[in-house]
Amino acid sequence: MNGTRVFESLNAEWAVVCAEPGHTERVLGWLRESGVHFGDGAGEGGLSEVLAELGRRDRTQDRGHSDRWLRVLLERAVGEGAGALLAARVVVQAMVPGAMRLTRRLQAGRDYDETGQVIVACFSQGVPGESARPGCGSL
């Protein structure tokens with residue numbers, strides 16, 4: 001695995017989350033409620049494509065866009081049950097690319113995977129429901 005186990009595990013878990021029926025529609029519903037709208041056919045590529053589209057929009061729109069969709073997911077994540085876990089997991093997956101970049105920058109002779117685990121743990125502290133998780137578990 002060449003020292004990237006933490007990110008490979010998160011991405012493998014994400015694939016399982018994305019495959020779960022109803023997850024894409026549920027997240028799209030929350031986003032629409034918050035004023036983040038998608039055109040017809042939104043979600044046809046699944047939850048990964050929804051997250052990728054949010055990322056594309058974040059790069060072309062002002063910070064208010066990412067604040068809006070992250071806020072609605074974080075508000076859901078503080079609740080209980082499967083919806084809260086799903087919202088928290090989407091937020092964590094949105095942070096994976098940044099966590100990988102930060103890990104590369106901070107590695108400086110340290111084990112990449114160990115550094116990545118510390119970064120992911122720190123990032124997860126800011127996501128309700130994720131900080132209590134001992135590792136990468138599935139929903």
* Asked: Does Arg59 reach the main-chain N or O of Gly55 with its side chain, forming a donor-acceptor pair under 3.5 Å?
  -> yes
* Is there side-chain contact between Glu75 and Trp30, with at least one heavy-atom pair below 4.5 Å? -> no
* To do: Evaluate the side-chain proximity of Val36 to Arg32: yes if any heavy-atom separation is below 4.5 Å, no if none is.
  => no
* Asked: Quick one: does Asp113's side chain have a donor or acceptor within less than 3.5 Å of a partner on Val6's backbone?
  -> yes
* Does Thr24 use its side chain to pair, donor to acceptor, with the backbone of Leu47 at less than 3.5 Å? -> yes
* Determine whether Gln107 and Ile119 make a side-chain contact, defined as any pair of heavy atoms from C-beta on separated by less than 4.5 Å. => no
* Asked: Out of curiosity, Leu70 CG to His65 NE2, how far, rounded to the nearest 0.5 Å?
  -> 9.5 Å
* Is Leu31 close to Arg68 at the side-chain level, that is, under 4.5 Å between some pair of heavy atoms? -> no
* **Ser34-Trp69 side chain donor-acceptor pair, cut-off 3.5 Å** => no
* Asked: So, do Trp14 and Val92 sit near enough that their side-chain heavy atoms are less than 4.5 Å apart?
  -> no
* **Interatomic distance, Arg5 atom CZ to Glu114 atom CD [nearest 0.5 angstrom]** => 8.0 Å
* What heavy-atom pair brings Val120 and Ala99 nearest, and what distance separates the two atoms? -> CG2-CB, 4.5 Å
* **Sidechain-backbone polar pair: His23 side chain, Val17 backbone, donor-acceptor under 3.5 Å** => yes
* Is a salt bridge present between Glu53 and Arg57, judged by a nitrogen-to-oxygen distance below 4.0 Å? -> yes
* Would Phe7 and Gln117 count as a side chain to side chain contact (heavy atoms under 4.5 Å, CB included) if you check the C-alpha gap in whole Å, the side-chain angles of each, and the deciding distance to 0.1 Å? -> CA-CA 9 Å; Phe7 298 113; Gln117 289 176 12; over 6 Å; no
* **Electrostatic pair Arg56-Glu49, nearest N-O below 4.0 angstrom** => yes
* **Cluster overlap Val96 with Val118, hydrophobic side-chain contacts below 4.5 Å** => no
* For Val127 and Met95, work out which heavy atoms get closest and say how close. => CG2-CE, 3.4 Å
* Asked: From Arg104 CZ over to Thr115 OG1, what is the distance, rounded to the nearest 0.5 angstrom?
  -> 12.5 Å
* Which pair of non-hydrogen atoms, one from Gln93 and one from Pro97, has the smallest distance, and what is that distance? -> O-CD, 3.6 Å
* **Ala77 to Ala87 - nearest heavy-atom pair and separation** => N-CB, 3.8 Å
* State plainly whether the residues Glu33 and Arg76 are in salt-bridge range, i.e. N to O under 4.0 Å. => yes
* Going by heavy atoms in the side chains, are Leu74 and Val78 under 4.5 Å from each other? -> no
